2 protein chains.
Amino acid sequence: MADVTLHDVARASGCSVSTVSRVLAGSRPVGAATAARVRQAVEDLGYRPNHVARALRSRSTGTIGLVLPQITNPFYPTLVRELTYALHADERAVLLADCDDDPKAEAGHISALLDRQVDALVVIPAHEQHSRTAVAAAAARVPLVLLDRGCGPGVADSVAVDNAAGMALVLDHLAAEGRRRLCFVGASGTASAAAERRTAYEAGAGALDPEAPGRVALGDFSVAWGRAAVDRIWTERAAAQRPDALVCANDLIAVGALQRLRQLGADVPGEVAVTGFDDIPLADLADPAVTTVRQPVAELAAEAARLLDRRPVSEQAGPRRSIRLAPRLVVRASTGRSSASHTPKSAPATRPETESAQ
Amino acid sequence: MADVTLHDVARASGCSVSTVSRVLAGSRPVGAATAARVRQAVEDLGYRPNHVARALRSRSTGTIGLVLPQITNPFYPTLVRELTYALHADERAVLLADCDDDPKAEAGHISALLDRQVDALVVIPAHEQHSRTAVAAAAARVPLVLLDRGCGPGVADSVAVDNAAGMALVLDHLAAEGRRRLCFVGASGTASAAAERRTAYEAGAGALDPEAPGRVALGDFSVAWGRAAVDRIWTERAAAQRPDALVCANDLIAVGALQRLRQLGADVPGEVAVTGFDDIPLADLADPAVTTVRQPVAELAAEAARLLDRRPVSEQAGPRRSIRLAPRLVVRASTGRSSASHTPKSAPATRPETESAQ
DNA sequence: TTGAAAGCGCTAACAG
DNA sequence: CTGTTAGCGCTTTCAA
């Protein structure tokens, strides 16, 4: 049934195995009549090429390894979906490995994937520093793209959202809505998302209020921290001292903040606006729905897929490429003095905004 | 570097390739001294076996295909994580394919995975009926386990939660909390989760209130339907006619219901309790947090992994196995007349409750 | 206990 | 344009 080989097809169509191979691969011109006979035989016998044999001989498995820190991080399922779509469209299969936020496990998975002869790797590194060695070693062997998170400069090609641009969208929007007493609820740590978003806030918020860049609370990227931050920010200040907008470094923080604010009886968005970042599904489900920055997930995935190709023969050649895609603002009920959500005033930008080699 | 082959190791350790192969595979006894030399050479040269060549020769890739309907369904990331853990622990790699709820795409992915010579398949079928042919065809070629959802009787081995047991836990809990006017908010369709949960509700609710089994609203497994259901159930009835508990067929519905209830000013859980099913992360984030039925995700994954092995040589042999695992109740604030969450009164059951061949 | 040899199914030179 | 011939790197008979 499925044990039909190239030889069987060759015999059935009265030509040699190489000819059949050529017809199937289109690697070289083949006579029209022969090609037709071959195709007929393929059809008749129900021939299916054996990818393992093909991989052994051609030194290409058509398989990409995807290593991520935690598939349960609510931002990743969408990214994984888009990435698999992009790769499958290109006839490439995806080997998945979840390393549970552990750089050791991550290193193990990376080397297991290399042993399995993946053509390339997409890695969302678990840790800015501790992932570096394994990633660098792998990047020396196969094309490797860092997705969503960085891993130090020059380690590998990378694709991520333009965090600074996203934060600027938020600040513009809040300014337009008349918010002035901003406060940033972010995450400590050196991971690119944490650092870049915070820096962008500090750089941009001063235009609204000289005090704003100093109002920064740092925890981690969790709902729990969002709640805790509100306890600190809201409870410990007199009403007049409270911010009129909480700029959260991601949606989870925003959702936690929102929850606690409601429990404390604060009026969102009347009294205080709340913004997030990422646009995970939860952002739209919160009550009120969270104004946030939507990452161009499909485009990030597509760019990653594209980068995997563009390391032709000389894998080591060329500078590392670092691609940043512009996000777009999604305005929902958690900001806006008025009523429900309205359309974003910033035009969506789905194509690369900056593409720089470093 | 990575181009070290068995031959190199053989040469370096002064023996034949077959001996080296035996040492590495442990397939046959090898002299202690020789074995030591071989291992040393492996170490020195940094030899890494080529899985592709191994697969071609041994007709086993050590790779499992995982096909699912939508990785963005919030219940699946955890399942995927546990399944990959279980399989990786066993040195098996996982090829992932998301079919976007489309049985056509699903069939395509299944056959692509078979072409890639996966050793076995884990399929979460996209559709009870339309997935059948492709699944049955694949099951005839490799070991195949249906996970979470069924696909008609006798098609393949399957592993899923015991929906009836889960619903019974909910009903018991609500009864103990003194709820009597129950209403079920479920999903239409024949998918096992939808049908079994509804049937179990209808079978069990009568003990509390003869009217309860008749109070059933059917939509789909979404937040939107949860909201819409409350609009129907709550708005269209006089206060005295309203249910004192909404039994939702999954957590998404429960979250939607909760949202709308709050918007309508209803008191949850004082006036009405709300329960979910699955225990997705969102259930704990909702406000109030949702009492729900936790699926034994790790155990489901482990059982699936186990079933993949147990089809020894004669793949066709033996009856289809259908494994159902007992879930456990997680009590949170959305039920309970009193205050916060307390520990479940039903004992957790993580081992197979029923294992039946059909 | 070990080695030699024969392939797994396919692609890629190399000749015609 | 097509066929012949080598292998890809490994496992597994079959002999010794």
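Every chain is numbered from 1, with letters handed out A, B, ... down the list of sequences. What you see is a predicted model; the values in this text were computed from it and never measured.
- In this structure, T19(A) reaches the sugar-phosphate backbone alone: every heavy-atom distance under 4.0 Å involves primed, P, OP1 or OP2 atoms, never a base.
- In this structure, A53(B) and V17(B) both approach DNA chain C, and ranking their closest nucleotides by distance from the 5' end singles out V17(B).
- In terms of polar N and O atoms assigned as donor or acceptor, the side chain of R54(A) never comes within less than 3.5 Å of the base of dG9(C) in a complementary pairing.
- Here salt bridge (charged side-chain N to carboxylate O under 4.0 Å, His left out) pairs that include residues 97-112 of chain B, with residues two or more places apart or in two chains, number zero.
- Mapping L56(B) and G14(B) onto DNA chain C via the closest heavy atom, the residue that lands nearer the 5' end is G14(B).
- Every residue meeting the salt bridge (charged side-chain N to carboxylate O under 4.0 Å, His left out) condition with D8(A), not counting sequence neighbours, appears here in chain and number order: R11(A).
- Not counting sequence neighbours, the partners of D90(B) by the salt bridge (charged side-chain N to carboxylate O under 4.0 Å, His left out) test are R92(B).
- For the helix from dT1(C)-dA16(D) to dG16(C)-dC1(D), the terminal axes (five pairs an end, C1' atoms, rotation from four pairs onto the next four) enclose an angle of 40°, given to 10 degrees.
- Within residues 22-31 of chain A, the residues that place at least one heavy atom under 4.0 Å from DNA chain C are, in residue-number order, R22(A).
- Taking 4.0 angstrom as the limit, S18(B) places none of its side-chain polar atoms (N or O) nearer than this to OP1 or OP2 of dA5(C).
- In this structure, L6(B) places its CG atom 14 Å from C1' of dG3(C), rounding to the nearest Å.
- Counting to the nearest Å, the C1' atom of dC10(C) and the CD atom of Q117(B) are 12 Å from each other.
- Residue pairs meeting the side-chain hydrogen bond (donor to acceptor under 3.5 Å, both in side chains) criterion with at least one partner in residues 59-69 of chain B, sequence neighbours excluded, are R116(A)-T63(B), S60(B)-D119(B), T61(B)-D119(B).
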task: Using the side-chain hydrogen bond (donor to acceptor under 3.5 Å, both in side chains) rule, take S21(B) and S18(B) through it: C-alpha gap first, then chi angles, then the decisive distance, then the call.
output: CA-CA 5 Å; S21(B) 172; S18(B) 13; over 6 Å; no

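- For the pair T5(A) and dG9(C), the criterion of a side-chain N or O lying under 4.0 Å from OP1 or OP2 is not met.
- For the pair N50(B) and R57(A), both in contact range of DNA chain D, the more 5′-proximal nearest nucleotide belongs to R57(A).
- For DNA chain D, the outermost nucleotides in 5' to 3' order that have an atom under 4.0 Å from a heavy atom of chain B are dG9(D) to dT13(D).
- In this structure, the separation between CG on L307(B) and OG on S322(B) is 9.5 Å, given to the nearest 0.5 Å.
- In this structure the side chain of V145(B) never reaches within 4.5 angstrom of the side chain of E303(B), judged on heavy atoms.
- One atom, CG of D3(A), and another, P of dG7(C), lie 17 Å apart when rounded to the nearest Å.
- Residue pairs that meet the ring-ring contact (aromatic ring centres under 6.0 Å, His included) test with at least one member in residues 26-46 of chain B, sequence neighbours left out, do not exist here.
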Distance-only donor-acceptor pairs under 3.5 Å for side chains of residues 26-38 of chain A, two or more places apart:
from	atom 1	to	atom 2	distance (Å)
R37(A)	NH1	S13(A)	O	2.4

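- The side-chain heavy atoms of V161(B) and L325(B), taken from C-beta on, include no pair separated by under 4.5 Å.
- Looking at R320(A), its side chain never comes within 3.5 Å of a backbone N or O of D157(A) through a donor-acceptor pair.
- Remark: H88(A) pairs with H109(B) by the ring pair (Phe, Tyr, Trp, His ring centres under 6.0 Å) rule, at least two apart or across chains.
- Residues satisfying the ring pair (Phe, Tyr, Trp, His ring centres under 6.0 Å) criterion with H7(A), sequence neighbours excluded, are absent altogether.
- Contact annotation: the side chain of T5(B) never approaches that of N50(B) to less than 4.5 Å [non-hydrogen atoms, C-beta and beyond].
- Residues from residues 87-95 of chain A that place a heavy atom under 4.0 Å from any atom of DNA chain D: there are none.
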